[in-house]
Amino acid sequence: MVDREKLYQAILTGDAKSARALTEEALKESVDPKELLDKTLIPAMDEVGRLFETNEYFVPELLISARAMKSALELIKPLLAEKGAEPAGRVAIGTVKGDLHDIGKNLVAAMLEGGGFEVVDLGVDVSPEAFVTAAKDKGASIIALSALLTTTMPAMKKVVAALEEAGIRERVKVMIGGAPITQRYADEIGADGYSDNASGAVALARSLAAKVPAAA
Amino acid sequence: MVDREKLYQAILTGDAKSARALTEEALKESVDPKELLDKTLIPAMDEVGRLFETNEYFVPELLISARAMKSALELIKPLLAEKGAEPAGRVAIGTVKGDLHDIGKNLVAAMLEGGGFEVVDLGVDVSPEAFVTAAKDKGASIIALSALLTTTMPAMKKVVAALEEAGIRERVKVMIGGAPITQRYADEIGADGYSDNASGAVALARSLAAKVPAAA
Amino acid sequence: MPVSQPTIPRLEEFLFGHARCPVTCGNHLEIGAGTVIPEVNFTLQAIEICPENWADIREQYSLMIEDLCRRAVELEVPGILFEFETLPPMTVNPAWGLEITEILSETIDRFHQSHGLRAALRLTPNDTRDHRRPPRMRSGPFWEGMVEFLHKAPHAGADLLAIESTGGKEVSDEGLMNADLKKVVFALGVLAPRDMEYLWGEILSACEGTDTVPSGDTACGFANTAMVLADRNMLPKVFAAVIRVASVPRDLVAYRVGARGPSKDCAYEGPYLKALAGVPISMEGRTAACAHLSHVGNIAQAVCDCWSNESVQKVRLLSADAPTVSLEQLAYDCRLMNVAGQSREDARKLRDWLVESDSALDPQAYVLRPDVVLRIASEIAREPTPYLQTRRAARAALREINRAFEEGRLRIPDRERRWLERLAKEAEELPDREEDLIAECLPETSRETFLPEEYGLS
Amino acid sequence: MPVSQPTIPRLEEFLFGHARCPVTCGNHLEIGAGTVIPEVNFTLQAIEICPENWADIREQYSLMIEDLCRRAVELEVPGILFEFETLPPMTVNPAWGLEITEILSETIDRFHQSHGLRAALRLTPNDTRDHRRPPRMRSGPFWEGMVEFLHKAPHAGADLLAIESTGGKEVSDEGLMNADLKKVVFALGVLAPRDMEYLWGEILSACEGTDTVPSGDTACGFANTAMVLADRNMLPKVFAAVIRVASVPRDLVAYRVGARGPSKDCAYEGPYLKALAGVPISMEGRTAACAHLSHVGNIAQAVCDCWSNESVQKVRLLSADAPTVSLEQLAYDCRLMNVAGQSREDARKLRDWLVESDSALDPQAYVLRPDVVLRIASEIAREPTPYLQTRRAARAALREINRAFEEGRLRIPDRERRWLERLAKEAEELPDREEDLIAECLPETSRETFLPEEYGLS
Ligand SMILES: [Zn+2]
Ligand SMILES: [Zn+2]
Ligand SMILES: [Zn+2]
């Protein structure tokens with residue numbers, strides 16, 4: 001039988017090769033993929049998150065763990081889909097129109113992937129229309145907006161307006177972040193949530209995913 | 001014939017006794033009060049304002065000039081009223097509810113008096129109702145609001161709302177000022193004007209008085 | 001009421017970080033014992049204080065103090081003072097002010113326990129008696145709210161209690177606007193001391209038997225009003241400089257009856273208090289530009305024990321909220337002082353550069369020169385009563401300013417020169433006997449703004 | 001491309017206010033000739049840059065510069081630099097950026113004429129090529145907008161032209177997130193220098209025959225990104241410190257081809273540029289806390305020639321708008337430096353206190369120590385190419401940090417210690433030949449983010 005502790009450690013240390021091999025082995029041994037995910041992989045990623053929160057891990061360490069997690073998930077997801085288990089959700093992420101900052105956005109994207117979300121990265125300087133398209137055509141149920149400039153913050157409001165205009169505002173959740181963003185601003189523009197850090201963004205996305213209308 | 005230059009100088013140096021005596025003399029000599037006001041007194045006060053603006057005069061000098069002006073005006077106003085000439089206007093001034101600062105307010109009040117306005121000083125920590133009463137019962141066509149705390153600024157908005165509720169918003173002009181106040185804030189709460197200094201407030205009051213509906 | 005044998009320090013020993021009588025408060029925080037610490041003040045953005053907004057208000061304070069404590073730990077400050085200056089409705093309704101005090105105090109304690117942060121909370125309720133004209137100084141709802149607040153403050157977690165008392169302000173305001181020296185001296189030298197004895201009796205009794213330190217009082221409503229008006233070109237700077245010095249005897253009343261410092265940050269006259277009362281002082285200057293532009297940005301720092309930002313709102317700046325930005329600036333300023341302060345000789349050097357930065361450019365800066373402070377302080381110390389001390393302070397300040405101007409060590413703008421003479425004349429005309437001043441001034445006041453009986457006069 | 005015989009200063013002569021090659025610009029403003037001056041940066045509050053808002057935007061800039069000039073006169077600054085860093089749409093649409101430049105320049109000139117204000121305007125257009133991934137570095141609409149802007153800038157009133165160029169950032173961003181030293185060195189030592197030679201050719205030709213001074217470039221997008229991430233606990237500080245030093249050779253390219261300084265404020269690596277290129281430098285630290293919290297608040301000031309606030313929005317604070325508040329703080333900081341600077345010995349004292357304030361607490365501060373700067377600078381100077389200089393910079397920084405840590409002169413938190421070794425190993429493994437590094441790195445890049453041919457590679 002596969003050593004679950006080893007798999008857990010492989011995620012923790014960001015050893016993608018081992019993580020994948022151990023997962024493969026476990027699945028061959030007919031371990032229930034849902035069980036493997038819930039009992040080993042997610043707890044490992046949660047520990048990574050905890051180590052990051054408590055300032056033990058730095059981003060590079062978190063990223064290689066997220067990559068190891070992703071390589072394991074690639075094997076598990078198709079099996080889950082067969083069984084009708086839902087993925088965590090699909091997030092379209094981008095830095096808003098006029099804003100060129102991508103590091104924060106990339107970090108959130110990587111964390112979301114590591115957290116089991118499917119991530120559509122729209123890049124930087126993204127128009128409201130592109131976010132609408134991602135929600136409509138790529139099935140994103142969460143839109144994550146980043147802005148680092150106070151002058152580009154208003155573009156976030158435009159994305160919300162564009163979603164409304166397209167008639168899909170109720171079926172997607174909007175989360176926002178970036179240095180100048182505050183909860184107050186999120187409330188003001190009618191966003192569904194705000195986070196000022198990457199691992200907070202994953203927790204936020206989880207809670208938003210739980211609230212997405214079933215139809216989505 | 002009375003020496004107009006002497007009267008002008010009496011205002012300029014704040015010699016209230018001479019200003020009053022010379023005005024009395026001029027009126028006895030049947031000088032047209034309107035002409036005396038327009039050609040001598042107001043130009044003198046304008047010069048005081050200029051000296052203040054250019055940092056030649058300090059407030060104490062400006063105040064004694066305003067007092068000299070006031071003592072001359074006391075003689076002239078009844079005569080003007082007889083002839084149906086309108087006074088510059090009546091201003092009700094006060095520091096808003098919750099705010100205790102009175103120096104700025106007092107300075108504006110003194111300048112307005114020197115500028116020929118009738119001033120009703122409501123004091124500090126003034127409720128919206130008191131401003132409404134001043135407009136309704138004391139005939140003030142301009143309401144001047146002062147606030148020095150950011151936390152009491154919102155009280156200005158309440159005064160505007162109270163005037164609307166009382167159905168008299170159109171016939172009074174609202175001007176606001178105080179350290180935290182900006183033009184943007186004036187626009188936001190629907191005030192008619194903003195000044196960040198006392199002599200600017202007089203100019204503002206003049207321009208607002210010109211816009212007050214004739215019915216007022 | 002003579003100042004009892006004050007030990008005025010020698011110029012060489014008159015340094016930042018060192019006070020004759022250090023104060024210990026809060027979480028093992030020592031002030032004036034060799035290390036300068038930041039004092040951070042913070043307030044809300046425009047918001048009405050009312051029940052509907054209360055949850056939001058609590059949260060704002062909670063966020064501010066949490067952020068501040070976190071950054072203070074990261075910056076490894078040797079100690080820190082937080083000041084919570086209530087907003088007027090929070091003193092009128094003491095439950096509000098006390099609730100915020102508790103939030104702040106609990107957070108500070110938590111950071112002390114988890115990170116060893118040495119910190120204390122200074123609580124400064126408003127003197128709300130100033131709400132009404134004429135003010136009632138010893139009775140009525142405002143007085144009662146203040147008294148209730150003061151007595152409950154130690155139990156809500158205030159480590160230090162301070163106030164910006166306003167006794168005499170109703171008279172001083174008029175005096176300032178008219179640059180009427182006699183009236184201002186009447187307010188500062190006669191009315192304020194009478195009021196402060198009464199009010200500080202209450203503060204001391206509130207602190208008695210608790211760990212709360214009665215700290216200080218400030219002539220903010222007098223001298224800072226003059227300073228701000230002077231900075232806006234409304235009053236001559238020489239007048240503001242004289243008022244600054246004339247406010248010293250008033251402040252001293254608090255220390256004479258039992259306050260122990262540190263003085264309030266906005267008492268720019270602090271160096272005089274340090275010299276005369278031996279208490280540690282909190283000062284503010286360039287790093288308080290968020291609250292006041294001023295002409296004493298560096299010199300104000302010369303002999304400070306706490307270094308403050310005066311007050312800043314919770315406005316989001318590019319990096320962080322403005323209170324946290326202030327903390328960072330103050331913390332680095334303090335680091336510099338504390339590095340230089342490792343040697344007395346170096347401390348004197350830094351002190352003197354701070355002094356030379358500003359002292360020739362503005363009379364308000366000039367009267368804060370440590371050498372000038374010590375000279376004028378010894379004159380003040382020789383007078384027996386607050387009134388005579390105030391008169392002496394005004395005269396001495398004028399003399400120092402005049403001499404420095406004549407000797408080319410102080411620049412006075414042309415338009416102010418006529419004021420030098422006018423003020424000197426007014427100062428000379430101040431009577432020898434307090435009763436005579438009272439007799440002269442009372443008839444010039446109106447019962448619409450001022451009630452003599454509230455000061456035990458009539 | 002060897003640095004041609006740089007005259008690295010002796011430690012005693014490595015002081016604030018004094019650069020080997022002072023710069024004169026604007027209204028008789030001398031920089032680096034003995035006096036430190038403030039550099040004030042200011043920007044808008046959140047607002048969309050669009051035609052409907054344009055009148056408002058013009059007014060905001062107009063109000064800011066008017067206020068700043070007025071207060072600068074009141075504070076009697078010996079000189080002042082204003083920086084206008086455009087917002088991206090203003091570079092994409094040069095007419096907008098140039099219109100604001102004219103407003104600022106005219107106001108500054110007016111105050112020079114009416115009040116003798118010595119001031120200059122530094123204009124910093126955005127490097128908008130970074131808008132797209134993969135970026136086009138030498139063609140396309142972003143490049144064309146920048147070129148148009150640069151060539152028109154001198155005629156709109158820019159006294160100094162600067163940029164925060166982004167060549168290699170698309171690769172560095174990935175390298176930073178993964179703390180991948182090789183990739184970052186590839187970006188800083190191979191890509192950025194190639195891009196800067198190309199871009200700076202354009203800037204120099206724009207300035208030719210005009211009074212506009214080509215000033216500097218900054219590794220902001222590289223080293224400051226690392227610094228900010230380190231401050232948020234996302235990257236090890238030792239890594240950020242190494243990147244800081246490794247960004248020096250990249251910056252030097254601008255000065256080698258003709259830029260004259262002062263360097264950009266946000267180039268915290270400025271002391272190295274001053275040592276190696278002899279140019280005056282602009283620095284930011286505690287007084288730029290409005291823009292960055294940092295761990296180099298005092299040490300950053302140690303050898304500055306301009307002292308800056310980095311950037312602040314037009315937010316209303318209790319006293320004034322935030323840009324004016326920054327100006328006041330900077331002006332007083334400069335006063336202190338200039339008073340101490342009257343004697344070289346005193347200047348050294350102040351410099352050393354600023355250094356001792358911070359240098360033991362953080363490796364990012366440690367590598368800014370003037371003595372460390374001079375040692376590493378002489379090593380850099382011995383290498384012939386930007387790549388080898390970058391490699392040397394990284395290795396030397398690591399060696400200095402390690403030694404200081406071992407000797408107890410620098411504290412490194414436990415969790416960072418494993419990084420010291422890891423980074424040293426990665427630095428040792430960097431190849432001797434640039435071609436080898438290129439050959440190693442290219443296959444690891446993706447054409448989705450990076451096009452080698454835009455750097456003359458392929
Ligand atoms: Zn105060
Ligand atoms: Zn205060
Ligand atoms: Zn920058």
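Since we're looking at a predicted model, the values are computed, not measured.
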| request: State whether the number of non-hydrogen atoms from other residues, nucleotides or ligands found under 6.0 Å of D/Arg417 atom CZ is greater than 12. | output: yes
| message | Atom CD of residue position D/Glu429 - does it have more than 12 heavy atoms of other residues, nucleotides or ligands inside 6.0 Å? | response | yes
| message | Would you compute the distance between atom CZ of D/Arg232 and atom CG of A/Asn55 and round it to the nearest 0.5 angstrom? | response | 13.5 Å
| task | For residues A/Leu107 and D/Met177, determine if any side-chain heavy atom of one lies less than 4.5 Å from a side-chain heavy atom of the other. | result | yes
| More than 12 heavy atoms from other groups under 6.0 Å of CZ on D/Arg136 | no
| task | Could you look at A/Lys158 and say if it's the side chain, the backbone, both or neither that has a heavy atom under 4.5 Å from chain D? | result | side chain
| request: Taking atom CD of D/Glu444 as the centre, report whether more than 12 heavy atoms of other residues, nucleotides or ligands fall under 6.0 Å from it. | output: yes
| If you measure from CE on D/Met234 to CZ on A/Phe52, what distance do you get to the nearest 0.5 Å? | 4.5 Å
| said: Tell me the closest heavy-atom pair linking A/Pro154 and D/Glu48, and the distance in Å. | reply: CG-N, 4.1 Å
| said: Let me confirm one number: the CZ-CZ distance from A/Phe58 to D/Phe239, rounded to the nearest 0.5 Å. | reply: 11.5 Å
| note | One option among D/Leu87, D/Leu176, D/Val92 has the most heavy-atom pairs under 4.5 Å with chain A, and it is D/Leu87
| task | Specify which of D/Pro88, D/Pro89, D/Pro236, D/Ala179 makes the most heavy-atom pairs with chain A at under 4.5 Å. | result | D/Pro236
| Heavy-atom distance under 4.5 Å to chain A: side chain of D/Thr225, backbone, both or neither? | side chain
| said: Ignoring hydrogens, what is the shortest heavy-atom contact between D/Arg418 and A/Glu56? Give both atom names and the distance. | reply: NH2-O, 3.1 Å
| Quick one: CG on D/Asp130 to NE2 on A/His101, what's the gap to the nearest 0.5 Å? | 8.5 Å
| field | Region of A/Asp99 in contact with chain D, defined by heavy-atom distances below 4.5 Å | value | neither
| note | dist D/His131:NE2 -> A/Thr95:OG1 (nearest 0.5 Å) comes out at 11.5 Å
| request: Output the option from A/Ile64, A/Val124, A/Asp125, A/Thr152 having the highest count of non-hydrogen pairs under 4.5 Å with chain D. | output: A/Asp125
| said: So does A/Gly123 get a backbone contact from the side chain of D/Arg133, meaning a donor-acceptor N/O pair under 3.5 Å? | reply: no
| field | Side-chain H-bond candidate by donor/acceptor type, A/Arg67 with D/Asn178, under 3.5 Å | value | yes
| said: Please determine whether the number of non-hydrogen atoms from other residues, nucleotides or ligands lying under 6.0 Å from atom CD of A/Glu165 exceeds 12. | reply: no
| task | Please state whether the side chain, the backbone, both or neither of A/Leu62 comes within less than 4.5 Å of a heavy atom of chain D. | result | neither
| remark: When rounded to the nearest 0.5 Å, the distance separating CD1 of D/Ile47 from OG1 of A/Thr151 is 9.5 Å
